Protein chains: 2
Amino acid sequence: MDNISHTEENYLKAIFKIAEKEEGRPVNTNAISVEMKTTAASVTDMLNRLSKKELIHYEKYKGVTLTIKGGRLATLLVRKHRLWEVFLVEKLHFSWDEVHDMAEELEHIQSEELVERLDDYLGRPKFDPHGDPIPDAEGNFTFRKQAPLADLHQGEKGIVVGVQDHSTAFLQYLDKLQLSLGAQVTVVERFDYDESMKIALNGDKEHIVSKKVSQNLFVQKQ
Amino acid sequence: MDNISHTEENYLKAIFKIAEKEEGRPVNTNAISVEMKTTAASVTDMLNRLSKKELIHYEKYKGVTLTIKGGRLATLLVRKHRLWEVFLVEKLHFSWDEVHDMAEELEHIQSEELVERLDDYLGRPKFDPHGDPIPDAEGNFTFRKQAPLADLHQGEKGIVVGVQDHSTAFLQYLDKLQLSLGAQVTVVERFDYDESMKIALNGDKEHIVSKKVSQNLFVQKQ
DNA sequence: AATATTATTTAGATTAATCTAAAAATTGTA
DNA sequence: TACAATTTTTAGATTAATCTAAATAATATT
């Protein structure tokens, strides 16, 4: 009776993800149906089930929040997902745009002992291959001061630490430009016309990147 | 329409496993229901589904055999299961009695690319932590001449290469006796009374092992 | 060969997860 | 406030996987 299905886990993750963006406000049915690519009716059904299992607080028409139990579970799923991504990239040499779907399956593997050993084996990484923080076994996320590249002024420097957009297209484009995590970027010039900017990579190679790119790339100012 | 569920995969594995023991004779419903710990009625249901997907040849009351497609899939599952077991033991330092259930989940992870990379990463092992052969990407098993320890005569020597019984209890007992894969055993004396035998481990430490133990341990004669 | 036993299948229900269509509640706007 | 638009829920069906109980087929035994 306490078993949680993959589907239920996916709903919890979806709710967690939306709640993150919405800063804790109750998550509404429609948002979940969009995230889960399903109908609102199916979501309502599932919300009743999750509520019965005390994984969410749910009041008809009022949206949902995660219970302590639900939140812990969602965080564990995020932890597992990101650790497996590190494994796939660091050990099996996949590239950062290939690992999402596999991690989406691997995160459902049950054993907590496995997660802890995997974490050890990987050297207790604090961030995944996209720069997203990996919660520790207690569920604590490492916080890092970061800003979209778009926020830097002319002359400012930053280290690439993450991405907002996780799409294959974006990640592969970044690879082409050699804009990988750890790269140093300097804003050489900003162009008001289309809000693009010229950047220098590791003080050398120059590129012009669009507004869309600079908004989706996180840097740590230096 | 070509998607195969975890449950369907588990049935294929069960059929494959029974067919192995039965040397290719059609597998009957009851045997499957025992292996799958379910009712014969559920099995019949599933056989119809697998047959529709052309994974098995099925005739009412006549039992089933795997189709080429079904056999390939079952072999891939065995390959994945055993490779993940190697990973868990070699890389995450689990012991051989702990890995079965985790591998049972991991074998359902889809990506074939992942399997091949995992295989590479592990150094293309030919046998898993219990000494069972790991089929290669083409589905070929490495054959090895082996015999139950029980078959050795007084004075004969062998190297432990596998187990028949995979139960936790047996594996843990072997650990206690330091009877791990690769150990050399010499049959010091055989006792007709209860068919137990005295063995020497790596030409040194002596034990008396029961008939049950010697029948469930595979050795390669030297 | 007739009967008893065992194996297998069918029939009918159940549960999780989903859907469409319709109803009800909430929110936005004139 | 009243009406319109949007969001959410309910009702009723569907599919996969399961079950129990009953019926049927195959096999074994006298």
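Only a predicted model underlies this, so the values are computations on that prediction, with no experimental measurement involved. A note on names: the letters A, B, ... follow the listed sequences, proteins ahead of strands, and every chain is numbered from 1.
Remark: B:Thr38 is not in phosphate contact with D:dA17, judged by side-chain N or O atoms under 4.0 Å from OP1 or OP2. Dashed line: the shortest gap from a side-chain N or O of A:Arg49 to OP1 or OP2 of C:dA17 is under 4.0 Å. Contact check, A:Thr39 against C:dC19: a side-chain N or O comes under 4.0 Å of OP1 or OP2. Regarding contacts with the backbone of C:dA17, a side-chain N or O of A:Ser5 is found under 4.0 angstrom from either OP1 or OP2. Phosphate proximity of C:dC19 to A:Ser42: present, with a side-chain N or O under 4.0 Å from OP1 or OP2. For the pair A:Tyr61 and D:dT10, the criterion of a side-chain N or O lying under 4.0 Å from OP1 or OP2 is not met. Put simply, B:Lys60 has a side-chain N or O that comes within less than 4.0 Å of OP1 or OP2 on C:dT10.
Here D:dT9 presents its P atom at 14 Å from CE of A:Met46, a figure rounded to the nearest Å. The separation between A:Asn28 atom CG and D:dT7 atom P is 8 Å, rounded to whole Å. Look at CG on B:Leu47: it is 10 Å from C1' on C:dT8, rounded to the nearest Å. Rounded to whole Å, atom P of C:dA17 lies 12 Å from atom NZ of A:Lys52. What separates CG of B:Leu50 from P of C:dT9 is a distance of 13 Å, to the nearest Å. Taking atom NZ on A:Lys62 and atom P on D:dT9, their separation rounds to 11 Å, with Å as the unit. Atom C1' of nucleotide C:dT9 and atom CG of B:Asp45 are separated by 10 Å, given to the nearest angstrom. Nucleotide C:dA16 holds its P atom 13 Å from the CG atom of A:Asn48, rounded to whole Å.
Using cut-offs of 30° and 60° on the angle between ring planes, the pair A:His108 and A:His6 is parallel.
Here A:Thr29 lies in heavy-atom contact (under 4.0 Å) with sugar-phosphate atoms only. Among the atoms of the strands shown, only primed sugar atoms or phosphate atoms (P, OP1, OP2) are found under 4.0 Å from some heavy atom of B:Thr7.
B:Glu54 contributes no side-chain N or O that, together with a main-chain N or O of B:Lys69, makes up a donor-acceptor pair within less than 3.5 Å. Not a single donor-acceptor pair under 3.5 Å links the side chain of A:Arg82 to the backbone N or O of A:Pro135.
Salt bridge absent: B:Asp136 and B:Arg124 never bring a charged side-chain N and a carboxylate O closer than 4.0 Å. We find that B:Glu9 and B:Lys80 are not joined by a salt bridge, their nearest charged nitrogen and carboxylate oxygen being 4.0 Å or further apart.
You'll find that the side chain of A:Glu8 is closest to C:dA17, out of C:dT18, C:dA17, C:dC19. Of the candidates C:dT18, D:dT9, C:dA7, the closest approach to any side-chain atom of B:Asn30 belongs to C:dA7.
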